[in-house]
Amino acid sequence: MKRLPRSFYGRPARLVAKDLLGKRLVSMVDGRRVGGDIVETEAYCDTEERDLACHGDRANEGRPTLRTAVMFGPPGFSYVYFTYGMHWMFNIVTGDPGYANAVLIRALEPMEGLETMRAFRARPDLELTNGPAKLAQALTIDQAHNGLDLCEPESSIWIEDGLVIEEDKIRTGPRIGLGKTPEPWLSIPWRYWIDGNPYVSR
DNA sequence: AGGACGATTAACT
DNA sequence: GTTAATCGTCCTG
């Protein structure tokens, strides 16, 4: 159980998003390890780049708001937000402090604590963590997980070192669910996933 | 004070 | 393929 160091996160979001594939996200739930291997991610903003799909760039003319403040802070912290009136999304802050960068975790291959995952809602194993809101439910991620330091040994959620996925197994495409986001950000291929993995959201 | 909208999901036709 | 669910955040006035 070796946590990824802050230097892993302190890089451009696109690189972190790609390198997170194959790493294990773990959340402690009632004293038990619950988690899985990351199979799908999306990058939001890179340092000094515009990205009108990114909460940090879209709101308040690119300045921090109450919700997005953590995104402007140091890398290796969680950014968890609530959307559609019912869903939590888990992200990790990347890049340099002062810029809003983050990676959204969109899907996991469930590996540990599947009974705990099923406790929130019984589903087929293939559907426990194959989407950003579903994996948050499976790992019991909510507002209490916003702004936690994943590099701090005492935090209840973290990412462990794991596989390095070979370049030819990584696929890219446009990010999902961007709605009214204008081009070019609507189509820019900042979504990453492991080719052929059955736990990818789509 | 009020309205638009959302980094989604499930349940429809 | 379409749409309801459901409410915090942000923007306008």
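Side-chain atoms are counted along with the backbone in the values below, which use heavy atoms only and exclude waters and symmetry mates. Lettering of chains follows the sequences in order, A, B, ..., and the numbering in each one begins at 1. No experiment lies behind these values; they were computed from the predicted model shown.
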**Student:** Whom does dT9(B) pair with, Watson-Crick or G-U wobble, provided both distances fall under 3.5 Å?
**Tutor:**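 Partner of dT9(B): dA4(C).
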
**Student:** So which of V29(A), I157(A), N146(A) actually passes side chain to side chain contact (heavy atoms under 4.5 Å, CB included) with I141(A)?
**Tutor:**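 By the side chain to side chain contact (heavy atoms under 4.5 Å, CB included) criterion, I141(A) pairs with just one of V29(A), I157(A), N146(A): I157(A).
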
**Student:** Whole Å only: how far is the CD1 atom of I176(A) from the C1' atom of dT9(B)?
**Tutor:**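 After rounding, the gap between these two atoms is 14 Å.
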
**Student:** Rounding to the closest angstrom, what is the interatomic distance between dT6(C) and dG2(B) at atom P?
**Tutor:**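 The same atom, P, in both gives a distance of 22 Å.
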
**Student:** Counting side-chain heavy atoms from C-beta on, which of dA10(B), dA7(B), dT8(B) comes nearest to M71(A)?
**Tutor:**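 Closest of the options to the side chain of M71(A): dA7(B).
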
**Student:** Could you state the CD-P distance from Q143(A) to dC7(C), rounded to the nearest angstrom?
**Tutor:**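 In whole Å, dC7(C) P lies 13 Å from Q143(A) CD.
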
**Student:** When the distance from CE of M86(A) to C1' of dA10(B) is rounded to whole Å, what number comes out?
**Tutor:**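 That distance rounds to 10 Å.
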
**Student:** If the C1' atom of dG1(C) is compared with that of dA7(B), how far apart are they to the nearest Å?
**Tutor:**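 Per the computed distance, 23 Å lies between those C1' atoms.
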
**Student:** Specify the separation, in whole Å, of atom CD1 of I92(A) and atom P of dA7(B).
**Tutor:**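 In whole Å, dA7(B) P lies 17 Å from I92(A) CD1.
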
**Student:** Please give me every residue in residues 94-105 of chain A whose heavy atoms get under 4.0 Å of an atom in DNA chain B, ordered by residue number.
**Tutor:**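 Contacts with DNA chain B under 4.0 Å: L104(A).
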
**Student:** Looking at dT8(B), dA7(B), dA10(B), which one has an atom nearest to any side-chain atom of M89(A)?
**Tutor:**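 Side chain of M89(A) sits closest to dT8(B).
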
**Student:** When the distance from CZ of R175(A) to P of dT8(B) is rounded to whole Å, what number comes out?
**Tutor:**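 Taking CZ of R175(A) and P of dT8(B), I get 11 Å after rounding.
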
**Student:** Show each protein N/O and nucleotides 9-13 of chain C N/O combination with a separation under 3.5 Å, one pair to a line.
**Tutor:**
from: dC10(C); atom 1: OP1; to: T65(A); atom 2: OG1; distance (Å): 2.3
from: dC11(C); atom 1: OP1; to: N60(A); atom 2: N; distance (Å): 2.6

**Student:** Near DNA chain B, under 4.0 Å by heavy atom, which residues of residues 189-202 of chain A?
**Tutor:**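 The stretch gives none, as no residue of it lies under 4.0 Å from the strand.
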
**Student:** Quick one: side chains of residues 190-200 of chain A, donor-acceptor pairs under 3.5 Å with protein atoms, not counting sequence neighbours, listed by atom name and distance.
**Tutor:**
from: R191(A); atom 1: NE; to: E40(A); atom 2: OE2; distance (Å): 2.9
from: R191(A); atom 1: NH2; to: E40(A); atom 2: OE2; distance (Å): 3.1
from: R191(A); atom 1: NH2; to: R202(A); atom 2: O; distance (Å): 3.2
from: N197(A); atom 1: OD1; to: Y199(A); atom 2: N; distance (Å): 2.8
from: N197(A); atom 1: ND2; to: E109(A); atom 2: OE1; distance (Å): 3.1

**Student:** Can you list everything that forms a salt bridge (charged side-chain N to carboxylate O under 4.0 Å, His left out) with K18(A)? Sequence neighbours excluded, please.
**Tutor:**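 With sequence neighbours excluded, K18(A) shows a salt bridge (charged side-chain N to carboxylate O under 4.0 Å, His left out) to E167(A), given in chain and number order.
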
**Student:** What is the distance, to the nearest angstrom, from the NZ atom on K180(A) to the P atom on dC5(B)?
**Tutor:**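 Spelled out: NZ on K180(A) to P on dC5(B) is 3 Å.
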
**Student:** Under 3.5 Å, side-chain donor or acceptor atoms of residues 75-92 of chain A against the rest of the protein: list the pairs with distances, not counting sequence neighbours.
**Tutor:**
from: S78(A); atom 1: OG; to: H145(A); atom 2: O; distance (Å): 2.5
from: S78(A); atom 1: OG; to: G147(A); atom 2: N; distance (Å): 3.2
from: S78(A); atom 1: OG; to: L148(A); atom 2: N; distance (Å): 2.9
from: S78(A); atom 1: OG; to: L148(A); atom 2: O; distance (Å): 3.4
from: Y79(A); atom 1: OH; to: H55(A); atom 2: ND1; distance (Å): 2.7
from: N91(A); atom 1: ND2; to: Y79(A); atom 2: O; distance (Å): 3.0

**Student:** Using whole Å, what does the distance between atom P of nucleotide dG8(C) and atom CG of N146(A) come to?
**Tutor:**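 Going from CG in N146(A) over to P in dG8(C) covers 15 Å.
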
